Amino acid sequence: MKPVRVRFAPSPTGFFHIGSARTALFNWLYARHTGGTFVLRIEDTDRERNTPEALEGLLRSMRWLGLDWDEGPGAGGEFGPYFQSERGDIYQSYLEQLQKAGRTYEKEGAIYFKLEGERYTEYDDYLQTEVEKVRAEPVLIRDLIRGDVSRAENRDFVIYRANGDPTFHFVNVVDDIAMGITHVIRGEDHLSNTSKHIELFQAFGAPVPEYAHLPLILKDPSIGKGKMSKRDRGALIDEYQERHFLPAAVRNYVALLGWSPKDDREVLDVGEIIEKFELSDIQKSPARFDEKKMAYINFEYLKALPVETYAWFARPVLTAAGLMAEEGSESYLQRVLALCQEKITSLEELPKFCAYFFTDQFERDSAAYEKLNKKGDFQVRLSEARTALAAIAADEWNTANLESCFAALAEQHSLKQHAWWPVVRYAVSGVTSGPDFLPMLEVIGRDVVIARLSV
RNA sequence: GUCCCGUUCGUCUAGCCCGGCCUAGGACACUGGGUUUUCAUCCCAGCAACAGGGGUUCGAAUCCCCUACGGGAUGCCA
């Protein structure tokens with residue numbers, strides 16, 4: 001069997017969204033699974049709408065997700081150039097081939113591809129005008145996900161615009177031929193286009209690649225109907241990068257949109273996904289993006305990280321939030337993170353969650369204070385705790401001694417330690433929930449704790 | 001309008017190709033309990049689906065047909 005060559009062929013007209021990311025991911029997974037080649041080809045034939053910023057954003061997001069390409073921008077390859085805007089000569093020679101074969105004609109400055117079959121005119125309800133149609137033989141689309149699909153084209157279509165640029169259908173097919181693409185993995189929205197493409201492959205006398213049309217990703221019904229678009233909330237990959245999601249978690253979640261390992265497991269490392277990935281296991285029906293589930297997967301990844309790695313991801317988040325200096329203490333950072341790691345689902349929550357470990361300028365939840373002070377004994381408890389804790393020497397400030405300190409206090413007043421804990425926690429952190437209480441005090445340190453209890 | 005694709009818990013899915021093991025499994029979410037001296041994590045339990053109708057068959061989520069609904073295409077966008 002021929003070695004697999006797949007391509008992801010985005011058009012840099014906007015940001016990289018979930019749907020494109022999944023198409024890229026599935027192509028990449030298939031290439032890695034089969035030991036084939038993953039080509040990145042930039043379809044920038046629409047000069048009006050392409051921007052360099054969009055291209056940059058796209059490459060950045062691809063790299064962030066770890067989708068490395070074997071051929072394409074920055075990677076080289078024997079089938080270049082990989083920007084369609086630089087392949088004009090190639091398209092021109094393929095065009096001549098069709099012209100010689102008598103499969104084209106010109107109309108209003110544009111060049112059309114001519115279908116074979118009986119011609120007739122008919123009123124078209126969609127276009128609301130009389131159009132020329134063709135009774136062409138249906139083409140057979142052999143799709144690895146959907147099985148055989150038969151579809152007939154019935155209108156000639158433009159392959160070169162009046163402005164001299166070739167169109168998507170034409171360049172897409174020409175490049176797939178010229179680049180030796182063996183498998184076309186793309187969204188289901190292209191299924192109806194595929195009959196055009198196969199007509200072209202046949203006109204060129206080229207072998208038709210294998211197809212795999214992926215089910216679409218639909219909008220959350222609370223936002224609207226139809227396929228997810230780049231304007232929808234949660235649609236942009238960029239957003240997850242900015243929100244400090246782990247790329248591996250996002251990649252894992254996106255892989256689960258339409259594909260499943262079929263063994264009831266969902267959190268899989270990328271090696272396992274590559275190993276198990278099969279196009280024929282892909283779902284036929286569309287999926288809906290679920291942010292909560294992605295957050296859950298992210299949480300699972302976060303919890304599994306060694307604290308050193310966790311710190312590596314967390315440090316830039318905390319420095320960006322102004323809580324930590326670039327070269328702030330690594331050991332202190334790790335002690336703090338060890339307490340926070342299993343408490344939060346996304347790193348974006350981290351600055352708010354642990355601010356009080358780094359600064360005295362943290363927010364206080366006044367509603368929580370009202371609750372704690374219902375009996376009006378907040379200050380009393382606080383000062384009791386302060387006196388007791390102040391008796392602990394600096395070099396004896398640890399969880400075990402803090403424990404006995406509170407135990408003694410409890411005995412003395414015939415109360416539970418719990419009588420002081422929330423009060424102290426609030427005084428020290430401004431909230432009533434957070435990491436383990438005693439270790440938290442230990443890490444924050446004696447002087448800071450005592451000072452905060454005095455306010 | 002026409003053509004094409006699809007339809008299992010609220011959501012993602014397993015099962016469907018090769019009918020019986022399916023009183024339909026898992027996960028997220030949600031609800032309730034438990035563990036935790038705090039807060040989380042965690043554990044347990046509960047909720048909840050084969051779109052509808054016909055057929056084929058001893059037997060259908062699984063095969064066939066129809067209907068409904070959803071999606072896509074129908075562009076000198078990709």
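Chain A is the first sequence line, chain B the second, and so forth, proteins listed ahead of strands; every chain is numbered from 1. Given the structure is predicted, the values throughout are model-derived calculations rather than measurements.
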Whether A:K262 contacts B:A14 is assessed here as follows: a side-chain N or O lying under 4.0 Å from the phosphate OP1 or OP2. Is that the case?
yes

Would A:D175 and A:Y91 count as having a side-chain donor-acceptor pair, cut-off 3.5 Å?
yes

Using a cut-off of strictly less than 4.0 Å, decide whether A:K303 has a side-chain nitrogen or oxygen near OP1 or OP2 of B:C42.
yes

Can you check whether any acceptor in the base of B:A78 is under 3.5 Å from a donor in the side chain of A:N193, or vice versa?
yes

Do the side-chain N or O atoms of A:R186 get closer than 4.0 angstrom to the phosphate oxygens (OP1, OP2) of B:A78?
no

Say we look at B:G19 and B:G75: how far apart would their P atoms be, to the nearest angstrom?
43 Å

Nearest-Å distance for atom pair NZ/P, residues A:K196 and B:G72:
16 Å

Gap in Å between the two C1' atoms, one belonging to B:U7 and one to B:A51, rounded
7 Å

How are the rings of A:F362 and A:Y356 set to each other: parallel, tilted or perpendicular (split at 30° and 60°)?
perpendicular

Please measure how far the P atom in B:U8 lies from the corresponding atom in B:G71, and state the result in whole Å.
14 Å

Rounding to an integer number of Å, can you tell me how far A:R265 CZ sits from B:C28 P?
15 Å

Touch class at under 4.0 angstrom, heavy-atom based, for A:G258 against every strand present:
sugar-phosphate

Determine the contact category for A:R155: base if any of its heavy atoms lies under 4.0 Å from a base atom, sugar-phosphate if only primed atoms, P, OP1 or OP2 are that close, otherwise nothing.
sugar-phosphate

Determine the contact category for A:A287: base if any of its heavy atoms lies under 4.0 Å from a base atom, sugar-phosphate if only primed atoms, P, OP1 or OP2 are that close, otherwise nothing.
sugar-phosphate

Under 4.0 Å: is that the gap between some side-chain N or O of A:Y126 and OP1 or OP2 of B:U2?
no

Reckon A:Q283 touches a base, only the sugar-phosphate, or nothing at all at heavy-atom distances under 4.0 Å?
sugar-phosphate

Under 4.0 Å between any heavy atoms, over every strand shown, what does A:E266 touch: base, sugar-phosphate, or nothing? Just pick one.
base

Spell out yes or no: do the side chain of A:K343 and the base of B:C39 have one donor N/O and one acceptor N/O closer than 3.5 Å?
yes

Tell me the interatomic distance from A:W420, atom CH2, to B:U38, atom P, rounded to whole angstroms.
15 Å

Rounding to an integer number of angstrom, what distance separates B:C22 and B:C12 when you compare their P atoms?
25 Å

With both distances kept under 3.5 Å, what pairs with B:C3, Watson-Crick or G-U wobble?
B:G72

Tell me what A:S195 touches on the nucleic acid: a base, only sugar-phosphate, or nothing, going by heavy atoms under 4.0 Å.
nothing

Between A:R335 and A:E442, is the closest basic N to carboxylate O distance under 4.0 Å?
yes

For A:L115 and B:U74, what is the distance between atoms CG and P respectively, to the nearest whole Å?
15 Å

Would you tell me whether A:Y160 and A:D165 have side-chain atoms, one donor and one acceptor, within less than 3.5 Å of each other?
no

By the 4.0 Å heavy-atom rule, please label A:H213 as base, sugar-phosphate, or nothing.
nothing

I need the CD1-C1' distance between A:I217 and B:U13, as an integer number of Å.
15 Å

For B:A29 and A:R288 - does any side-chain N or O of the residue sit under 4.0 Å from the phosphate oxygens OP1/OP2?
no

Please work out if A:I141 contacts a base, only the sugar-phosphate, or nothing of the nucleic acid, heavy-atom cut-off 4.0 Å.
nothing

Quickly work out the A:K284 NZ to B:C5 C1' distance and round it to whole Å.
11 Å

Regarding A:S192, tell me which of base, sugar-phosphate or nothing describes its non-hydrogen contacts under 4.0 Å with the strands shown.
base

What I want to check is whether an N or O donor and acceptor connect the side chain of A:K293 with the base of B:A29 at under 3.5 Å.
no

Base, sugar-phosphate, or nothing for A:P286, non-hydrogen atoms under 4.0 angstrom?
sugar-phosphate

Interatomic distance at P, B:U57 relative to B:A49, whole Å:
31 Å

Please measure how far the P atom in B:A14 lies from the corresponding atom in B:U56, and state the result in whole Å.
31 Å

Salt-bridge present (A:D263, A:K276; N to O < 4.0 Å)
yes

What distance, rounded to whole Å, do you find between the two C1' atoms, one in B:G20 and one in B:G59?
6 Å

Touch check for A:L438, heavy atoms < 4.0 angstrom, all strands: base, sugar-phosphate only, or nothing?
base

When we call it a touch if two heavy atoms are under 4.0 Å apart, what does A:N172 touch: a base, just sugar-phosphate, or nothing?
nothing

Separation of the P atoms in B:C17 and B:C63, to the nearest angstrom
5 Å

Whole-Å distance separating the CG atom of A:L216 from the C1' atom of B:C5
10 Å

Parallel, tilted or perpendicular: which one describes the rings of A:Y112 and A:Y105, with boundaries at 30° and 60°?
parallel

Counting any heavy atom closer than 4.0 Å, what does A:R146 reach on the DNA or RNA strands: base, sugar-phosphate only, or nothing?
sugar-phosphate

Distance alone, cut at 3.5 Å: any donor-acceptor contact between the side chains of A:S429 and A:R364?
no

Could you walk me through whether A:R251 and A:D269 pass salt bridge (Lys or Arg N to Asp or Glu O under 4.0 Å), step by step?
CA-CA 10 Å; A:R251 186 174 57 202; A:D269 72 60; over 6 Å; no

If I take atom CD in residue A:E188 and atom P in nucleotide B:G70, what distance separates them, rounded to the nearest angstrom?
16 Å

